[in-house]
Amino acid sequence: MAKSYDVIVIGAGPGGMTAALYASRANLSVLMLDRGIYGGQMNNTAEVENYPGFKSILGPDLAEKMYQSSTQFDAEYAYGSVESVSVAADGLKTITTDSDVYETQALIIATGSEYRKLGVPGEDDYSGRGVSYCAVCDGAFFKNKPVAVIGGGDSAVEEGGYLSQMTSAVNIIHRRDQLRAQKILQDRAFANDKIGFTWDTIVTEILGDGQKVTGVQTHNKKTGEDSVKDVDGVFIYVGNQPMTQPFLDLGITDDKGWIKTDEKMKTSVPGIFAVGDVRQKDLRQITTSVGDGGIAGQEAFNYLQSLQDKVPAK
């Protein structure tokens, strides 16, 4: 038998937790579902310096504070990997996970995004054996060893700085001739003696000895030169892709899989909202996810109220 809630939030990152806070504070029964620990990508972030109220705070610490806040009005939290979502003619949403079935009239999708892979030979072979997408998770394994960071955005440059504190050297390999990261992050990286840069270059293969990473094969797009760089670790930050596979049949995504919403976080399906990094938008930050979550939590309440208003008086 399906478990029923007024509001179900899929995903317990900053957007999902804020949505749960707002909805449960409105005296609604709320369930947060997540396939992992609450906090989302905050758990993979060393320091957060752009969240109001904190000059600097560790990502996992901020996640814990948000979780305590999100459950103070009795919102529940459960593990579960969502496999499908269906919508009945009367608007009831059924969420099927790997272990349970849930029902709700108001669904908030906050599944976020995941790291995009390079898609080159050796990447999958050496995943967890020198290839990583999380400096906070795996940086300590490369103490006093050289590593490469692939990418040129905020994540690549910021995590490169984090890695420089424990590794012997960090080589940031970027396909362009300049970084895309925020200027303050660029300035820190350029001033860091342990960080070097390889410009106009792509990685064509991740090399190893069968047990662990030994280097990367690179190609310079301007000179055409191919070379090998000896490193013990490869940290990949080349963008994100939305985690929307269970929702593709609902017709709420664009051609790249991002969920389309209006300014009230409403999708094209009544009673389904989306917040945070899973949305089709330009800026994906903790602050923007929190803003999205507050709106969606309130709009879920408004939606449920509108359903009550349609019920004929007895």
Side-chain angles (χ1 to χ4, degrees), residues 13-15 39-63 66 112-118 132-139 142 146-203 216 218 220-223 229 231 233-242 256 258 276-292:
Q41 290 190 19
M42 287 190 293
N43 291 308
N44 301 331
T45 304
E47 287 186 275
V48 178
E49 297 179 317
N50 57 355
Y51 190 78
F54 302 95
K55 287 186 177 180
S56 178
I57 184 171
L58 296 176
D61 289 347
L62 182 57
M66 284 191 179
S113 58
E114 60 186 349
Y115 298 116
R116 189 182 301 278
K117 292 186 175 183
L118 281 178
S132 175
Y133 307 86
C134 176
V136 177
C137 308
D138 300 324
F142 301 94
V147 299
V149 171
I150 316 303
D154 286 356
S155 295
V157 177
E158 190 167 21
E159 299 309 295
Y162 174 79
L163 288 166
S164 72
Q165 299 175 60
M166 57 199 71
T167 62
S168 62
V170 176
N171 185 352
I172 295 180
I173 301 173
H174 188 37
R175 61 179 178 171
R176 297 187 174 94
D177 60 2
Q178 59 184 358
L179 300 172
R180 295 178 291 109
Q182 298 175 59
K183 189 175 186 304
I184 187 172
L185 299 178
Q186 293 191 40
D187 290 344
R188 289 176 186 171
F190 291 140
N192 191 326
D193 292 338
K194 292 178 72 175
I195 297 179
F197 299 87
T198 301
W199 305 106
D200 302 308
T201 297
I202 60 173
V203 171
V216 291
T218 65
N220 187 292
K221 294 164 60 181
K222 286 191 173 179
T223 66
K229 300 187 182 304
V231 293
V234 181
F235 290 81
I236 299 170
Y237 299 98
V238 291
N240 289 1
Q241 56 191 17
K256 294 182 179 179
W258 303 101
D277 288 4
V278 77
R279 286 181 60 220
Q280 181 192 69
K281 61 178 183 177
D282 293 327
L283 186 62
R284 295 184 171 89
Q285 296 284 299
I286 297 173
T287 49
T288 60
S289 293
V290 166
D292 290 355

Practice prompt. For the pair D277 (side chain) and S289 (backbone), establish whether a donor and an acceptor sit closer than 3.5 Å, ignoring hydrogens and angles.
Written response: no
Worksheet item: How would you list, by chain and number, every residue that makes a salt bridge (Lys or Arg N to Asp or Glu O under 4.0 Å) with K221, sequence neighbours excluded?
Response: none
Worksheet item: What class does the angle between the rings of W199 and F190 fall in, given that below 30° is parallel, 30 to 60° is tilted and above 60° is perpendicular?
Response: tilted
Worksheet item: Are Y133 and E114 close enough, and set up right, to give a side-chain contact (heavy atoms from CB on, under 4.5 Å), and what steps lead you there?
Response: CA-CA 10 Å; Y133 307 86; E114 60 186 349; over 6 Å; no
Response to the item:
Rounded to the nearest 0.5 Å, the CG atom of N240 sits from the CD atom of Q41 at a distance of 5.5 Å
Fill in: Pairing of R188 and E47 as salt bridge, 4.0 angstrom limit
no
Practice prompt. Output, in order, the C-alpha distance, side-chain angles, deciding distance and verdict of side-chain contact (heavy atoms from CB on, under 4.5 Å) for Y115 and N44.
Written response: CA-CA 11 Å; Y115 298 116; N44 301 331; 4.0 Å; yes
Discussion item. Can you give me the closest heavy-atom contact between P52 and T287, atom names plus distance?
Written reply: CD-CG2, 3.6 Å
Discussion item. Show the nearest heavy-atom pair for residues V231 and A148, with the distance to one decimal.
Written reply: CG1-N, 3.9 Å
Practice prompt. Evaluate whether atom CZ of R175 has more than 12 neighbouring non-hydrogen atoms of other residues, nucleotides or ligands under 6.0 angstrom away.
Written response: no
Fill in: Name of the residue among T198, V216, I236 meeting side chain to side chain contact (heavy atoms under 4.5 Å, CB included) with V203
V216
Practice prompt. With side-chain contact (heavy atoms from CB on, under 4.5 Å) as the test, would you mind laying out the steps for Q178 and Q186 before giving the verdict?
Written response: CA-CA 10 Å; Q178 59 184 358; Q186 293 191 40; 6.0 Å; no
Practice prompt. Starting from the C-alpha separation in whole Å, work towards a yes-or-no answer on side-chain contact (heavy atoms from CB on, under 4.5 Å) for Y51 and Q285.
Written response: CA-CA 9 Å; Y51 190 78; Q285 296 284 299; over 6 Å; no
